[in-house]
Amino acid sequence: MSLFQQPSSDERKPLAARMRPSSLNEFIGQEHLAAEGSPTRTAIERGSLGSVILWGPPGSGKTTLARIIAHMSDAHLEERSAVTCGIAEIKAIGQAAKHRTTKTLLFLDEIHHFSRTQQDALLGLVEDGTVQLIGATTENPTFSLGTPLLSRCRVLALKPLSENQIRQIIERAQHELDITLNDQAIALLCRWANGDARAALNALELSAQFAFPNKSIGEQAVAQAMQRPVTKYDAAGDQHYDVISAFIKSVRGSDVDASLHYLARMLKAGEDIRFIARRLIILASEDIGNAEPMGLILAVSALNAIERIGMPEARIILGHVTAFLATAPKSNAAYLGIQKALDDLDEHPAPPIPDHLRDANTKRFEHDPDETPYKYPHDFGGWVPQKYLSEPNALSLPYYQPTDNGRELKIKRFLQQLDEQK
Ligand code: ADP
């Protein structure tokens with residue numbers, strides 16, 4: 001529709017709803033689920049998917065996928081939100097489903113809001129196939145849902161859409177609105193949307209309204225729609241990656257002033273504070289590790305804290321953690337260790353697990369007279385020499401080579417002491 005015409009009733013729907021793909025071929029990304037020939041897509045096409053929980057961030061396509069599944073299987077679709085749906089309603093849906101000749105698909109959004117009792121009300125309907133349940137949640141279902149329901153549903157994880165995938169969605173929508181965005185405006189939308197297609201489309205629609213009657217949209221209209229200031233950093237585009245790279249390298253290099261400088265530049269540019277905190281969490285493990293184990297704890301707490309606090313106060317928390325991490329002793333020994341162990345598995349077949357370490361229930365021979373019994377280290381004062389790998393010579397050991405830095409020196413000395421007692 002052009003911005004200059006009177007909208008029809010369908011066109012009065014938000015852009016995000018109008019742009020909702022109605023088939024898997026229009027569905028962007030999530031290839032692990034939707035790519036042709038993938039097991040999930042094949043199951044959807046054959047109508048044999050069964051009940052599932054779609055777990056993914058907002059605007060990643062959970063509702064869209066549920067509607068496509070319903071459409072492809074010619075099912076009667078009931079859509080509810082677990083925030084407002086009660087047990088009586090679930091029972092009524094079950095009753096109606098029993099009298100229907102077609103399959104009933106129940107899409108239950110925000111299923112993590114359901115209490116255990118409400119989940120129990122669903123169990124019977126799911127188990128006897130009265131309804132095919134598609135639950136959607138932004139929270140890890142392992143923690144937010146009970147085992148009985150989880151054991152009856154497959155969990156399908158959706159990923160946040162990449163900037164490129166958001167770009168494809170935006171490009172289609174420009175066409176729908178009969179407008180054009182300049183390159184910077186598209187780049188801003190894609191980056192600020194943070195993997196959420198709904199956020200990108202809503203912002204695009206608002207930008208078009210702000211720019212009206214102009215049909216060419218620039219970054220100022222996008223910034224106005226997203227209520228964020230455009231800075232030089234945004235307009236340059238690539239600087240986003242350069243500044244975060246310089247920030248991480250300065251923290252790794254223990255230059256605390258440079259670290260705070262780049263942090264300030266990111267904050268002024270309106271960088272996503274969760275993105276900064278997530279990068280610090282990775283750095284705390286990759287570059288500090290056991291030289292200062294508090295690093296990871298503080299970085300995780302920072303993410304938790306800034307999500308509750310938001311800006312402008314989040315700057316204090318990020319500054320605190322940045323200063324701590326920049327001035328902490330550094331080690332990448334644990335990071336290198338896990339890399340080496342993983343590489344080894346690519347090159348050698350995994351050796352058998354020594355019998356004395358195996359789970360009592362899975363041991364091949366109940367009473368093998370040659371078997372060395374497992375020694376419980378605490379019975380020997382906390383440590384006892386014992387074999388934990390059957391073929392150590394087949395592996396490129398040692399994996400973990402602690403440095404002399406910070407707390408890791410203690411670990412190094414401890415390992416040396418054990419070596420002397422072997
Ligand atoms: P969720 O249920 O995960 O919060 P939706 O499926 O409701 O997200 O998506 C919101 C809007 O974003 C949809 O109406 C559609 O326009 C767009 N969208 C989301 N995911 C995709 C996708 N994978 N491909 C194309 N458009 C998408």
Side-chain angles (χ1 to χ4, degrees), residues 1 7 9-36 38 40-41 44 49 51-72 77-85 105-114 132-141 144-145 153-179 181 186 189-208 222 225-226:
M1 182 204 62
S9 67
D10 203 42
E11 284 165 343
R12 268 186 228 115
K13 283 194 203 161
L15 178 67
R18 286 188 341 250
M19 295 306 297
R20 195 188 289 284
S22 53
S23 75
L24 280 179
N25 292 338
E26 295 165 37
F27 191 69
I28 289 175
Q30 317 297 357
E31 284 87 1
H32 58 297
L33 306 175
E36 227 158 318
S38 71
T40 306
R41 178 159 179 163
I44 296 173
L49 184 67
S51 289
V52 291
I53 305 294
L54 303 176
W55 169 35
S60 56
K62 301 181 292 297
T63 311
T64 307
L65 190 57
R67 289 194 186 169
I68 294 175
I69 294 170
H71 180 68
M72 286 177 76
L77 177 65
E78 293 282 351
E79 282 192 48
R80 297 288 186 284
S81 163
V83 179
T84 50
C85 182
L105 195 152
L106 169 61
F107 176 69
L108 200 51
D109 202 9
E110 306 205 59
I111 191 165
H112 55 274
H113 281 284
F114 253 22
Q132 178 185 357
L133 172 71
I134 302 196
T137 177
T138 48
E139 295 190 2
N140 186 340
S144 55
L145 296 179
C153 299
R154 275 176 60 205
V155 175
L156 304 178
L158 282 85
K159 301 175 189 164
L161 296 171
S162 71
E163 285 186 20
N164 252 332
Q165 290 162 346
I166 298 274
R167 180 180 293 265
Q168 290 175 49
I169 294 173
I170 296 290
E171 278 167 2
R172 273 189 204 163
Q174 286 189 88
H175 196 72
E176 160 80 12
L177 287 179
D178 190 23
I179 51 169
L181 273 79
I186 294 189
L189 259 181
C190 294
R191 194 157 71 238
W192 285 354
N194 231 328
D196 179 340
R198 187 189 298 104
L201 289 168
N202 285 348
L204 174 65
E205 192 167 32
L206 255 185
S207 317
V222 169
M226 293 196 131

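Whatever order the structure lists ligands and atoms in, that order sets their numbers, starting from 1.
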Contact atoms of ligand 1, heavy-atom distance to [X] under 4.0 Å:
X   : answer
M19 : 16 (O)
R20 : 5 (P), 6 (O), 7 (O), 13 (C), 14 (O), 15 (C), 16 (O)
T64 : 5 (P), 6 (O), 9 (O), 13 (C)
I28 : 22 (C), 23 (N), 24 (N), 25 (C)

Audit row: R167, E171, side-chain contact (heavy atoms from CB on, under 4.5 Å) steps and yes/no: CA-CA 6 Å; R167 180 180 293 265; E171 278 167 2; 3.6 Å; yes
What protein heavy atom sits nearest [atom], and how far off is it?
atom                    : answer
atom 17 (C) of ligand 1 : A197 CB, 3.7 Å
atom 2 (O) of ligand 1  : T63 OG1, 2.6 Å
atom 14 (O) of ligand 1 : A16 O, 2.6 Å
atom 25 (C) of ligand 1 : P21 CG, 3.4 Å

Stepwise side-chain contact (heavy atoms from CB on, under 4.5 Å) check, T138 with E110: CA-CA 7 Å; T138 48; E110 306 205 59; 5.7 Å; no
Per-residue contact class, I169 against ligand 1 - non-hydrogen pairs under 4.0 Å: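 The side chain, only.
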Region of L201 that comes within reach of ligand 1 [heavy atoms, distance under 4.0 Å]: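 Near ligand 1, L201 shows its side chain, while the N, CA, C and O stay back.
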Polar contact flag for K62 and ligand 1 (N/O pairs, less than 3.5 Å):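 In this structure, K62 places an N or O atom under 3.5 Å from an N or O of ligand 1.
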Please report the closest heavy-atom contact between [X] and [Y], naming both atoms and the distance.
X    : Y    : answer
I111 : A82  : CA-CB, 3.8 Å
Q174 : L204 : N-CD2, 4.3 Å
A34  : L24  : CB-CD2, 4.2 Å
M226 : A193 : CE-N, 4.2 Å

Contact with ligand 1 for S60, non-hydrogen, under 4.0 angstrom: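 Per 4.0 Å heavy-atom rule, S60 contacts ligand 1.
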Main-chain N/O of P160 paired with S60 side-chain donor or acceptor, under 3.5 Å: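 Judged by distance alone, no pair lies under 3.5 Å.
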Backbone of L15 reached by a side-chain donor or acceptor of E205 within 3.5 Å: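 A pair under 3.5 Å: yes.
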